[in-house]
Amino acid sequence: MGRTVGIDLGTTYSLVAYVDPATQQPQCIVGPHGSALCPSVVSLDADGKIVVGEPARRRLLTQPERTIYSVKRLMGRGVEDVQEELHFFPFRIDSGSESVIRVRLGERVFTPPEISAFILRELRSWAENFFGDTVDRAVITVPAYFNDAQRQATRDAGRLAGLEVLRLVNEPTAAALAYGLHRQQRGLVAVYDFGGGTFDISVLKLITTGDGDIYQVLSTNGDTHLGGDDIDNALGELARREIRERLGLEIDAHSESAQELRKALIAVKHELSSADSALVRVLLPGGQGYQRELTLAEFEELARPIIERTMGPVKQALAEAHQKPEAIEEVVLVGGSTRIPLVRRRVQEFFGRVPHAELNPDEVVALGAAVQADILESGVRNMLLLDVTPLSLGIETMGGVVAQIIPRNSTIPASAQELFTTGVDNQTAIDLHVLQGEREMAKDCRSLARFQLRVPPVPAGMARVEVKFLIDASGILQVHARDLLSGDERTVEVQPSYGLTDAEVEKMLEDSIEYAEQDFAQRQLIEARNEGDSILLATGKALAGAAAGQLEAGERSALNADMAALRKAMDGEDYKLIRERIDALNQSTQHLAELVMNEVLHEAVEGKRVSEV
């Protein structure tokens with residue numbers, strides 16, 4: 001058996017975490033670039049190689065047509081669902097997209113679960129390098145308001161990445177686990193999760209009993225179209241308008257400059273979390289420049305309508321939990337967008353208490369996922385997680401009306417059943433249309449599945465068909481239909497209308513095996529380049545120090561030649577050659593390293609003498 005980890009598959013960043021067996025505390029795993037945050041960015045090289053994370057993010061500027069970010073916004077959704085958002089994205093939706101969105105990167109086409117799988121594989125490799133062991137199981141977090149199609153798409157991504165997805169856990173619930181709020185005897189907790197692409201609010205009741213801790217989600221609400229990206233887009237619209245008016249330039253026609261502008265505006269947003277003003281400066285085509293000071297007041301005026309949109313779901317979640325703001329004992333902030341001072345002030349004003357922000361808001365969800373993964377793997381903790389389904393589930397009946405079978409905010413795992421009959425004499429089959437949503441008419445809800453059950457030909461109203469819905473702990477739905485007269489029955493695990501078929505998933509798994517060799521080669525190249533950067537930086541610092549003055553001219557010349565050879569190799573694609581050049585430079589720097597060490601020891605001895613005097 002391999003290792004089990006917790007993964008936060010985020011819109012902007014993704015993270016992987018585990019519970020340290022020595023301390024029993026969750027920890028995030030740091031990747032090869034020195035950060036636990038893996039940018040949720042995927043890029044396709046001209047030669048077909050996949051690049052993920054920080055190296056891919058750099059290509060947003062140089063190869064935007066081959067690079068995709070914020071793919072989480074596309075998971076489990078159809079083309080018509082994202083029409084309003086598409087003009088914000090530089091990547092192209094393939095014209096062949098039908099039920100499943102397909103994104104074109106260069107010459108290849110990918111579905112959102114495939115792209116998410118590349119990110120999950122990257123995180124899996126971080127964990128395997130850290131443990132020195134196989135990682136084959138994971139708990140993955142999803143927004144509480146993800147519907148069945150979006151959850152199924154996330155499961156598909158895990159499967160494509162070679163992971164057994166033990167559980168999908170709602171992000172707010174994971175955050176409560178990370179904070180260890182079960183340590184208090186009882187209480188009501190609101191988790192306000194404002195990330196890059198989604199907003200969630202959950203109200204939880206935490207109870208400590210003689211048998212253990214119970215985390216019961218009373219209600220959840222949110223918006224999968226609302227996040228920090230929307231603030232970035234609002235800043236972008238302001239800058240585009242000013243560039244158009246001042247310079248007569250349509251910046252969207254210049255993809256590299258458009259990405260430079262986006263990068264600069266995100267940096268300004270971050271700066272305004274701790275400053276009263278920040279400078280936007282971007283070089284534009286034709287040698288022109290766009291520069292303006294953005295004050296905190298201007299930023300908050302732009303961001304306020306977006307932040308205010310979060311309060312609608314907050315009020316709704318409290319109403320469904322039958323609670324008032326003053327009854328909430330703890331408020332937890334999650335997601336990078338909660339660093340914005342206006343967000344913190346608005347949450348504090350609404351609940352009348354200072355919210356928790358002690359843990360890193362970027363890491364807290366991954367830490368909670370690791371806690372849940374540890375519970376599922378070890379089974380030793382007395383802790384019960386009672387989550388809820390975010391949207392009602394039902395079937396279409398006569399006249400296109402929805403018959404609700406499992407209401408929203410029902411505790412999961414859950415099951416419910418209803419009896420239905422025929423509406424036409426001698427009907428030989430019943431079409432079952434499974435729906436998800438809060439509207440009364442089928443046309444206004446999301447279609448999850450259609451299947452048919454044969455029934456004996458009897459007068460209208462005589463047939464008795466029992467329909468049973470079962471939702472597992474991850475929020476995935478299974479539907480069972482049985483004709484009570486004939487005994488015929490049929491069970492389907494719902495494949496949502498915007499999900500992938502088993503055949504498509506199998507084909508993608510085959511492709512992942514086919515491209516595994518080149519993916520691994522790309523990893524070796526990136527790691528070799530990273531090591532090359534490190535040794536060049538260290539050698540450059542050593543050559544600039546006093547100890548380097550003791551080198552003979554021939555030694556310095558050889559060092560410079562080896563450094564130049566390594567830089568040239570790093571510009572190429574041959575990782576073996578880079579490794580050879582690194583080894584050569586390591587050999588030629590041995591004498592320099594000895595000189596530097598002697599210098600350090602000499603300074604230490606001299607310092608000791610001075611202190612003794």
Side-chain angles (χ1 to χ4, degrees), residues 11-14 31-33 35 37-74 82 85-95 97 101-112 114-122 196-197 229 232-233 236 239-240 249-267 282-286 511-512 515 518-530 532-533 567-575 578:
T11 307
T12 310
Y13 293 102
S14 295
H33 299 281
S35 172
L37 300 177
C38 176
S40 300
V41 185
V42 174
S43 186
L44 179 73
D45 261 350
D47 59 1
K49 292 176 183 173
I50 296 294
V51 182
V52 180
E54 189 58 43
R57 184 165 68 168
R58 296 182 194 132
R59 297 177 186 217
L60 279 170
L61 299 176
T62 57
Q63 300 179 48
E65 73 287 348
R66 291 181 167 272
T67 307
I68 182 169
Y69 60 90
S70 295
V71 71
K72 187 172 177 177
R73 283 181 173 245
L74 307 181
V82 296
E85 299 172 52
L86 288 182
H87 70 283
F88 292 124
F89 296 135
F91 39 86
R92 295 170 292 161
I93 302 298
D94 187 64
S95 57
S97 298
I101 290 176
R102 298 180 189 275
V103 179
R104 179 167 289 279
L105 299 180
E107 302 76 35
R108 289 178 63 186
V109 172
F110 301 95
T111 64
E114 283 180 286
I115 293 165
S116 292
F118 292 132
I119 299 167
L120 291 173
R121 278 193 206 122
E122 178 72 11
D229 285 355
D232 301 341
N233 293 337
R240 285 182 180 86
L249 179 70
E250 290 291 347
I251 194 167
D252 286 340
H254 306 274
S255 57
E256 189 170 332
S257 295
Q259 286 304 314
E260 285 280 11
L261 176 64
R262 179 176 178 272
K263 182 181 177 183
L265 292 171
I266 291 172
V282 182
L283 185 64
L284 301 175
D511 287 346
S512 72
Y515 292 107
Q518 70 180 42
D519 290 346
F520 181 65
Q522 180 66 10
R523 168 173 299 283
Q524 290 178 307
L525 177 61
I526 290 169
E527 289 174 351
R529 284 174 174 165
N530 289 340
D533 280 332
R567 288 193 189 95
K568 184 177 180 181
M570 286 167 62
D571 288 337
E573 301 290 321
D574 188 345
Y575 76 89
I578 297 173

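If you read the sequence from its start, that first residue is 1, and numbering goes on from there. Computed from a predicted model, the values in this text were never measured in an experiment.
Taken to the nearest 0.5 Å, the OH atom of Tyr69 stands 4.0 Å off from the CZ atom of Arg262. Rounding to the nearest 0.5 Å places OG of Ser43 at 8.5 Å from CD of Glu65. Rounded to the nearest 0.5 Å, atoms CD (Glu260) and CG (Leu60) are 10.5 Å apart. Residue Ser40 holds its OG atom at 9.0 Å from CG of Leu120, rounded to the nearest 0.5 Å. With rounding to the nearest 0.5 angstrom, the CZ atom of Phe118 is 8.0 Å from the CG atom of Leu44. Of the inter-residue distances, the one linking Leu105 atom CG with Ile50 atom CD1 reads 7.5 Å to the nearest 0.5 angstrom.
Contact record, Phe110 with Glu114: CA-OE1, 3.5 Å, taken as the closest heavy-atom pair. Considering all non-hydrogen atoms of both residues, Ala56 and Val51 come closest at CB-O, 3.4 Å. The two residues Arg529 and Met570 come nearest to each other via the heavy atoms NE-O, 3.1 Å. Between Leu37 and Ser35, the closest heavy-atom pair is N-OG, 3.0 Å. Taking each heavy atom of Ala264 and Val282 in turn, the nearest pair found is CB-CG2, 3.7 Å.
Considering only heavy atoms from C-beta on, Val103 comes within 4.5 Å of Ile115 through its side chain. His254 places a side-chain heavy atom less than 4.5 Å from the side chain of Leu249. Within the 4.5 Å cutoff, the side chain of Asp252 has heavy atoms near those of the Arg240 side chain. Using a 4.5 Å heavy-atom threshold, the side chains of Leu74 and Thr111 count as separate.
Under a 3.5 Å cut-off, the side chain of Arg66 and the backbone N or O of Gly106 do not form any donor-acceptor pair.
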Could you please spell out the steps behind the side-chain contact (heavy atoms from CB on, under 4.5 Å) verdict for Thr12 and Asp229? CA-CA 9 Å; Thr12 310; Asp229 285 355; 4.3 Å; yes
